[in-house]
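Structure first, then comments.
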Amino acid sequence: MAEGKIPSRSDDYSGWYLRTIQEAKMVDYGPVKGTMVIRPYGYALWENVQQALDTRFKATGHVNAYFPLFIPYSFLQKEAEHVEGFSPELALVTHAGGEELAEPVVVRPTSETIINHYYSQWVQSWRDLPILINQWANVVRWELRTRPFLRTSEFLWQEGHTAHAAFEEAEEETLKMLGVYADFAVNEAAIPVIQGRKSENERFAGADNTYTIEAMMGDGKGLQSGTSHNLGQNFAKAFDIQFLDQDNERKYVWQTSWGLSTRMVGAIIMTHGDDNGLVMPPRLAPHQVVIVPIWRKESEREAVLALTDEVEAKLRDAGIRVTSDRDDSHTAGWKFNEWELKGVPIRIEIGPRDVAKNAVVFARRDRPGREGKEFGIAVDSVAATAQQWLDDIHDSLLARATAFRDENIIDVDDYEQFKAVIANNQWARVWWAGSNAQEQQIKEETSATLRCFPLDQPDERGICFFSGNPNAEIALFGKGY
RNA sequence: CGGGGCGUAGCGCAGCCCGGUAGCGCGCUUCGUUCGGGACGAAGAGGUCGUGGGUUCAAAUCCCGCCGCCCCGACCA
């Protein structure tokens, strides 16, 4: 159907991904290694991600602010683990204004340091807490191995940075925002995610605990799709963020940070896409409905376009994001394929036969080709039908992705089986209480990483499948992006 | 940073072994016929062959250097 325009996912998953996003005009490569241009169709998806998240942030009491892109290098150095974690991938500005700078300036890889520099000034009293700030920004990390959306040297994200009076409040905030991400992923992006805790090896540099929403892509690889960190008092101590509590004691604040990036766009593509191209989750799709008017003779054109106008207006009035493709330099069949490549959830076809019946044809993207078509949808019911279809498609995408994920998580209790499961691009679900070194050993031997310890654990503990240690937790291992 | 691949028209590629007028498909422009699953015809436009040097009467092609990008791995959202 795609006429060889894109490789099939089974033949060449990476090629499928790279070609699809370019053919669909989501992205172009930037002129500098590892950078990308997010084209209007890709950016529209990101804007819908932003809106859905921003609404949730506001609803949970957060406010937006903006901090500078340039950060003094000395700020990074204040937190030892943090600078150690990030220095390999920092972009440093050493010259500006035609002169060498007295102190090099880093382009932010994340904003903990600069934000906490200000928090130390803004926080005096327990009455100043909590601080619940989010920032939408770009960040730069000089990556060795890049891939559009999944890992680029510059990417867009939001980063929440909060400060609290008590440890419990910070832990609650960390998990609350993880829950917000999970809710967003499931209910907006139709991506089933597992909420979990990262291992020490995988933890954010400078965090006491890192939590993740972990998703399985169409090739079985894992993708950390959003993270939430409990920073403890590490940055509070490094930046001296203290407040006078109600008991008249000076105390360090407890902090969190949490982020979700344009990587989510990659997650959406790799979770739902098929061999015909993108499949957009209905609630985030730039266009939820595309209307393709069809006419044979000039005499039919007017009536077809009149009905197109009518249907488009009904959908728009119902709050549905709709567009119509009236370009007469392409045939209807060409347009069908093109909009399928772009993943629009619902296509409505309107031709002379439909005009005669005062009805239209609906086609759903999650069932490509003729199987997904339904004829004779009455014009009066287009808005209600479209709304219902969008919900159905969302549910069906989520159900399909959930089934795929669950089929590919295998319970494992010995290392040979573990290796076989990983080699088969699946995830292994195991009891784990091994050391960091043993976790590293598994990574070297199988290239699988500990994706997370799911928050949802059985009541009892088990015996570690690898070390034999008691008191093990359930962990998921798999290859990751 | 290791391994592999590729730089020739907007995109995808052939041409390179064996040096001699730069080609094909798609796309683009104009006109006409078309249009319910990637239409057809005609006429056009478009390339300092990544870059610097060397060999040669002559280099996309042979030799040396450099640069860039992609893919696979190690590090990371």
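Residue numbers begin at 1 in each chain, while the letters A, B, ... track the order of the sequences. Please read all numbers here as calculations on a predicted model, not as lab measurements.
Judged by the 6.0 Å and 45° rule, A:Lys25 forms no cation-pi pair with A:Tyr41. Geometrically, A:Arg367 does not engage A:Trp389 in a cation-pi contact defined by less than 6.0 Å to the ring centre and at most 45° from the axis. At least one test fails for A:Arg147 against the ring of A:Tyr481: distance under 6.0 Å to the centre or angle within 45° of the axis.
For the pair A:Glu84 CD and B:C75 P, the interatomic distance rounds to 15 Å; values are reported in whole Å. As rounded to whole Å, 13 Å separates atom C1' of B:G38 from atom CG of A:Asp327. A:Trp334 places its CH2 atom 12 Å from the C1' atom of B:C26, with the value rounded to the nearest Å. A:Trp16 has its CH2 atom 15 Å from the P atom of B:C71, to the nearest Å. At whole-Å resolution of the value, NE2 in A:His330 and P in B:G36 are 14 Å apart. A:Tyr29 has its OH atom 6 Å from the P atom of B:C70, to the nearest Å. Note: CD (A:Glu300) to P (B:G36) measures 11 Å, nearest angstrom. Distance A:Glu143 CD to B:C1 P: 16 Å, rounded to the nearest Å.
A gap of 12 Å separates the C1' atoms of B:U61 and B:A22, to the nearest Å. Atom name P, nucleotides B:G32 and B:C71: the rounded distance is 45 Å, in whole Å. The gap from the C1' atom of B:G4 to that of B:U48 amounts to 31 Å, rounded to the nearest Å. The C1' atoms of B:C28 and B:A45 are separated by 8 Å, rounded to the nearest whole Å. Across the C1' atoms, B:U56 and B:C64 are found 16 Å apart, a figure rounded to whole Å. Going from the P atom of B:C24 to that of B:U34 covers 30 Å, rounded to whole Å. Taking atom C1' in both B:C40 and B:A58, the straight-line distance is 44 Å, to the nearest Å. Annotation: B:A42 and B:A9 have their P atoms spaced 25 Å apart (nearest Å).
Residue contacts shown for A:Phe86 are absent, as no nucleic acid heavy atom lies under 4.0 Å away. Among the heavy atoms of the strands lying under 4.0 Å from A:Glu89 are primed sugar atoms or P, OP1, OP2 only; no base atom is included. Among the protein residues, A:Leu223 comes within range of no part of the nucleic acid, since none of its heavy atoms lies under 4.0 Å from any strand. Within 4.0 Å of A:Thr227, counting heavy atoms only, lie sugar-phosphate atoms of the nucleic acid but no base atom. Contacts of A:Pro88 with the nucleic acid, taken as non-hydrogen atoms under 4.0 Å apart, are absent. Nucleic acid contact for A:Gly259: none, since no nucleic acid atom lies under 4.0 Å from a heavy atom of the residue. Looking at heavy-atom distances under 4.0 Å, A:Gln224 makes contact with sugar-phosphate atoms alone, never a base. Within the 4.0 angstrom heavy-atom criterion, only backbone atoms of the sugar-phosphate kind lie near A:Ser447; the bases stay farther away. A:Gln440 comes within contact range of the sugar-phosphate backbone alone, with a heavy-atom separation under 4.0 Å but no base atom that close. Among the heavy atoms of the strands lying under 4.0 Å from A:Val361 is at least one base atom, whether or not backbone atoms are also near. Residue-level contact check: A:Arg203 touches neither bases nor backbone, having no heavy atom under 4.0 Å from any strand. Backbone-only contact: A:Thr146 has heavy atoms under 4.0 Å from sugar-phosphate atoms and none from a base.
Side-chain to base pairing of A:Arg370 with B:G36: no donor and acceptor N or O lie closer than 3.5 Å to each other. No hydrogens or angles were tested; on distance alone, a donor-acceptor pair under 3.5 Å links the side chain of A:Lys373 to the base of B:G37.
For A:Ser257 against A:Glu112, the heavy-atom pair with the smallest separation is OG-OE2, 2.7 Å.
In terms of phosphate contacts, A:Lys443 brings a side-chain nitrogen or oxygen within less than 4.0 Å of OP1 or OP2 of B:C75.
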Pair A:Ile377, A:Glu374 - check side chain to side chain contact (heavy atoms under 4.5 Å, CB included), show working.
CA-CA 7 Å; A:Ile377 306 288; A:Glu374 190 168 323; 3.7 Å; yes

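The aromatic rings of A:Trp157 and A:Phe155 sit perpendicular, their planes meeting at an angle over 60°, well past the 30° parallel limit.
Which of B:C71, B:G38, B:C35 sits closest to the side chain of A:Ile294 comes down to B:C35. In the set B:C35, B:C71, B:G36, B:G36 carries the atom at the smallest distance from any side-chain atom of A:Pro352. Nearest nucleotide to the side chain of A:Thr331, out of B:C70, B:G37, B:C35: B:C35. Comparing B:C70, B:G36, B:G38 by their nearest atom to the side chain of A:Leu18 picks out B:C70. Closest to the side chain of A:Glu340, from the set B:C71, B:G37, B:G38, is B:G37. With B:A74, B:C71, B:G37 as the choices, the nucleotide that has an atom nearest any side-chain atom of A:Leu144 turns out to be B:A74. Listed nucleotides B:G37, B:C71, B:G38 differ in distance to A:Arg147; the shortest reach to its side chain belongs to B:C71.
Partner assigned to B:A42 is B:U30, using Watson-Crick or G-U wobble distances below 3.5 angstrom. Searching all strands for a Watson-Crick or G-U wobble partner of B:G52 with both distances below 3.5 Å returns B:C64. Remark: B:G23 base-pairs with B:C13. Criterion, Watson-Crick or G-U wobble with two distances under 3.5 Å.
Looking at A:Lys335 and A:Asp327, no side-chain N of the basic residue comes within less than 4.0 Å of a carboxylate O on the acidic one, giving no salt bridge. With salt bridges taken as basic N to acidic carboxylate O contacts below 4.0 Å, one links A:Glu298 and A:Arg301. For A:Lys176 and A:Glu171, the salt-bridge test fails: no basic side-chain N is under 4.0 Å from an acidic carboxylate O.
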